[in-house]
Amino acid sequence: MKKIFMFRTLFVAISFLGVSPSVSAQSGFSSGADLRLGYSEKVFSTALGYDMGYKWKDMLYLGAGPIVGFATGGGSSSFSGGGYGKLRFIVPINYDIKPFLEGRVGYNYNFKSKDGGMLYGAAVGVKLRQFYVGFYLDISSTTISTTTTTSTYVSHYQRRKIDGSSYGSPSGTTITSTHTDEDTDWHFTPSLLIGIEF
């Protein structure tokens, strides 16, 4: 009985090691590219990114690179470009399919509206060999500036009562003031993420 128990224990241990985190994965320089296809508020968007970075034991990847995008819908279309950094965590199991989590932060500039803003994103999906497929939520912001100009007519008599000024024109004067308000507009776009690691 003791021998049977020992063999069973050894078998369970070997089986556990078969699905335990891989320690033989190499670390070093890595690069990748991905395509995002999204749709939100009747606008279809696509973005293509390429990044380079460092991979640690096929579990963590930290990289950065450029990104270009295109959006169309609502009777208009626009191109954008920018850069981003990303951190990806891959669950270290010895299966062909591995779950992963990913976060991104960067800056995006819209060439049509000539403004830009920060971009953020989070993804969850699976990795099959060097390919990635998952759900990505793109969170971007744009700053909208609104300038308001107000003109106020002040008669000669009123202006003299205010500051003691004396004007040659009896018709008075017009005082113009300008005020600029800035507002941040947030956009949330769910996307399909398809990527490859080189």
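Side-chain atoms are counted along with the backbone in the values below, which use heavy atoms only and exclude waters and symmetry mates.
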field: Minimum-distance pair of heavy atoms, taken over all atoms of Tyr54 and Ser27
entry: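 Smallest interatomic distance, heavy atoms only, reads OH-CB, 3.5 Å.
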- request: Inspect the contact between Arg129 and Glu197 and indicate whether a charged nitrogen and a carboxylate oxygen are less than 4.0 angstrom apart.
  value: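 So Glu197 does not pair with Arg129 through a salt bridge.
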- prompt: Between Asp34 and Lys86, is there a side-chain N and carboxylate O pair less than 4.0 Å apart?
  reply: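 Yes, this pair counts.
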field: Connected-component partners of Val133 among ILVMFWY, side-chain separation under 4.5 Å
entry: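 Once heavy-atom contacts under 4.5 Å are chained together, Val133 belongs with Leu192, Ile194.
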message: Which Ile, Leu, Val, Met, Phe, Trp or Tyr residues join Leu128 in one cluster when any pair of side-chain heavy atoms under 4.5 Å counts as a link?
response: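 Grouped by the 4.5 Å side-chain rule, Ile97, Val126 form the rest of the cluster around Leu128.
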- prompt: Any ring-ring contact (aromatic ring centres under 6.0 Å, His included) pairs touching residues 97-130, not counting sequence neighbours?
  reply: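 Listed once each, the pairs are Phe100-Tyr132, Tyr109-Phe111.
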Atom [atom1] of [X] and atom [atom2] of [Y]: how far apart are they, to the nearest 0.5 Å?
| X | Y | atom1 | atom2 | value |
| --- | --- | --- | --- | --- |
| Lys98 | Ile90 | NZ | CD1 | 7.0 Å |
| Gln130 | Ser30 | CD | OG | 10.5 Å |
| Ser80 | Ile67 | OG | CD1 | 7.5 Å |
| Lys55 | Leu60 | NZ | CG | 11.5 Å |

message: The criterion is side-chain hydrogen bond (donor to acceptor under 3.5 Å, both in side chains); which residues satisfy it with Asp138, sequence neighbours excluded?
response: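 Listed in chain order: Arg36.
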message: With heavy-atom distances below 4.5 Å as the criterion, would you say the side chains of Ser78 and Ser113 are in contact?
response: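 No; the side chains remain at least 4.5 Å from each other.
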task: Check whether any side-chain N or O of Ser77 sits under 3.5 Å from a backbone N or O of Ala71 as a donor-acceptor pair, and report yes or no.
output: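 Checking the backbone N and O of Ala71 against the side chain of Ser77, no donor-acceptor pair under 3.5 Å is found.
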- prompt: Does Phe79 have any ring pair (Phe, Tyr, Trp, His ring centres under 6.0 Å) partners at least two apart in sequence or in another chain, and if so, which?
  reply: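 Partners of Phe79 under the ring pair (Phe, Tyr, Trp, His ring centres under 6.0 Å) test: Phe70.
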- request: Please list all pairs passing the salt bridge (charged side-chain N to carboxylate O under 4.0 Å, His left out) test where one or both residues lie in residues 65-74, with sequence neighbours left out.
  value: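 Pairs touching residues 65-74 that pass the test: none.
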